[in-house]
Colleague: 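Quick one: this structure, given as C-alpha cells, is what I'll be asking you about.
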Amino acid sequence: MNLILLGPPGAGKGTQAQRLAARLNLVHLASGDVLRAERASGSELGKRVESYMDSGALVPDEIIIEVILTRVRAAAGASGILLDGFPRTVAQAESLAEALSAAGERLDAVINLRVPDEELVGRIVGRRTCPTCHAVYHVTANPPAKPGVCDNDGTPLKQRTDDTEAVVRNRLAAYREQTAPLTAYYAKSGLLHEMDGTGAMDEVNEQLTKLVQDLAGDR
Ligand code: AMP
C-alpha cells in the first residue's frame with residue numbers, strides 16, 4: 001500500500017504516521033525529517049533549504065521533488081510507503097504519480113487529517129521533538145514521563161526552530177495557498193479519505209489503522 005497523510009501543520013501527521021508505519025510495516029517517508037537531517041549534517045542541500053524552512057515557506061519544487069522521489073524510488077515495491085509532508089503542491093503530486101507509475105506502483109489512498117485552524121497554533125507551539133528518534137511530544141497534551149527528556153532514549157527534547165508562533169502563521173498560510181488544493185486534486189481521482197484529527201492521539205490512531213486495514217482489504 002502506498003499512502004499519503006495530508007493535513008495542515010499541527011494536524012498530527014508526524015505522530016500518526018510514525019505509529020501507523022510501525023503497526024503496518026510501511027516505510028515512513030517524512031519530507032520535513034529528511035530536510036532537517038540534511039541541515040543537521042551541514043550538507044549543501046541543507047544550506048540551500050534553511051532560509052525557506054526558517055521563514056515557514058515551502059522549499060521550491062525543483063529541490064524537494066528530486067530529494068523525495070529518490071527515496072520513493074528506493075522504497076517502492078517493498079511493503080509500501082507512507083508519505084508524510086510530501087506532496088505539498090500539485091506539481092509535487094504529479095511528479096509523485098509519475099515516479100510511482102515508472103516503478104510499476106500506484107498511489108492507493110490519501111488520508112486528510114482535519115483539525116480546525118484555532119487548534120493548530122496551540123498544538124504546534126507546545127510541540128517538542130527528540131532529535132535522536134524523532135518522537136513527538138506536546139508539553140501538555142502528550143508530555144514525556146520525565147519533563148524535557150525523550151521516553152525512548154533519554155535525549156533532551158527540542159523545540160523546532162520553525163515551531164514559533166510567527167513562523168507557524170506563515171506555515172499555515174503556505175498550507176492554505178499551496179497545499180490545501182491537493183484535497184480537491186485527490187478527491188477528483190477518488191483517492192481522498194477525510195478523517196477527524198481532533199480526538200485523543202490513541203483514538204485517532206485506532207481509526208486511522210482501521211481505515212487503512214479496510215482499504216488494504218478492498219484492494
Ligand atoms: P514539516 O516537518 O513537514 O512541517 O516540514 C518543515 C518544513 O520543511 C516546511 O515548512 C517546508 O519549509 C519544508 N518542507 C517539508 N516538506 C516539503 C515539501 N513537500 N515541499 C516544500 N517544502 C517542504
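Predicted model, so just to flag it, every value in this text is computed and none were measured. Start at 1 and go down the list; that is how both ligands and their atoms are numbered.
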Colleague: Got more than 12 heavy atoms from elsewhere within 6.0 Å of CZ, Arg48?
Modeller: no
Colleague: Take atom OH of Tyr52 as the centre, draw a 6.0 Å sphere, and report whether it contains more than 12 heavy atoms from other residues, nucleotides or ligands.
Modeller: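 No, the 6.0 Å shell around OH holds no more than 12 heavy atoms from other groups.
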Colleague: Tell me the protein heavy atom at minimum distance from atom 16 (N) of ligand 1, and give that distance in Å.
Modeller: Ser31 OG, 2.7 Å
Colleague: If you measure from the Lys or Arg side-chain nitrogens to the Asp or Glu carboxylate oxygens, is any gap between Lys158 and Asp163 under 4.0 Å?
Modeller: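 No, Lys158 and Asp163 are not salt-bridged.
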Colleague: Does only the side chain of Lys13 get under 4.0 Å from ligand 1, or the backbone, or both, or neither? Count heavy atoms.
Modeller: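 Under 4.0 Å from ligand 1, Lys13 contributes no heavy atoms.
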Colleague: In terms of side-chain geometry, is the basic nitrogen of Arg71 or Glu38 positioned less than 4.0 Å from the acidic oxygen of its partner?
Modeller: yes
Colleague: If you measure from each non-hydrogen atom of Ala57 to ligand 1, which part falls under 4.0 Å: side chain, backbone, both or neither?
Modeller: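 Contact part for Ala57 vs ligand 1: backbone (N, CA, C, O).
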Colleague: Under a 4.0 angstrom heavy-atom cut-off, which atoms of ligand 1 come close to Arg36?
Modeller: 2 (O), 6 (C)
Colleague: Counting both backbone and side chain atoms, is some N or O of Asp162 under 3.5 Å from an N or O of ligand 1?
Modeller: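 No, no N or O pair falls under 3.5 Å.
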Colleague: Any idea which of Met53, Glu50, Arg39, Arg88 brings a heavy atom closest to atom 1 (P) of ligand 1?
Modeller: Arg88
Colleague: Run the numbers for me: atoms of ligand 1, each under 4.0 Å from some heavy atom of Arg171, listed by number.
Modeller: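 Every atom of ligand 1 under 4.0 Å from some heavy atom of Arg171: 4 (O).
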Colleague: Looking only at distances, please establish whether an N/O atom of ligand 1 is found under 3.5 Å from an N/O atom of Arg160.
Modeller: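 Yes, at least one N or O pair falls under 3.5 Å.
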Colleague: Charged N to carboxylate O under 4.0 angstrom, Arg127 versus Asp162?
Modeller: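 No.
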Colleague: Have Asn112 and Thr183 got a donor and an acceptor in their side chains that come within less than 3.5 Å?
Modeller: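 Asn112 vs Thr183: no donor-acceptor pair found between side chains.
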Colleague: Does an N or O from Gly85, backbone or side chain, lie closer than 3.5 Å to an N or O of ligand 1?
Modeller: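 Yes.
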Colleague: Would His28 and Asp84 count as a side chain to side chain donor-acceptor pair (under 3.5 Å) if you check the C-alpha gap in whole Å, the side-chain angles of each, and the deciding distance to 0.1 Å?
Modeller: CA-CA 7 Å; His28 176 204; Asp84 150 19; 2.9 Å; yes
Colleague: Under a single-linkage definition using a 4.5 Å side-chain heavy-atom cutoff for Ile, Leu, Val, Met, Phe, Trp and Tyr, are Leu82 and Ile68 assigned to the same hydrophobic cluster?
Modeller: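 No; Ile68 is not reachable from Leu82 via cluster members.
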Colleague: Number the atoms of ligand 1 from 1 as they appear, then name those within less than 4.0 Å of a heavy atom of Ile64, with their elements.
Modeller: 18 (C), 19 (N), 20 (N)
Colleague: Report the nearest protein non-hydrogen atom to atom 20 (N) of ligand 1: residue, atom name, distance rounded to 0.1 Å.
Modeller: Gln92 NE2, 3.0 Å
Colleague: Would the distance check show the side chain of Gln16 and the main-chain N or O of Met201 forming a donor-acceptor pair, the cut-off being under 3.5 Å?
Modeller: yes
Colleague: Of Leu35, Val59, Val49, which has the heavy atom at the shortest distance from atom 22 (N) of ligand 1?
Modeller: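 That would be Val59.
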Colleague: Quick one: look at His134 and ligand 1, take heavy-atom pairs under 4.0 Å, and tell me if it's side chain, backbone, both or neither.
Modeller: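 No part of His134 comes within reach of ligand 1.
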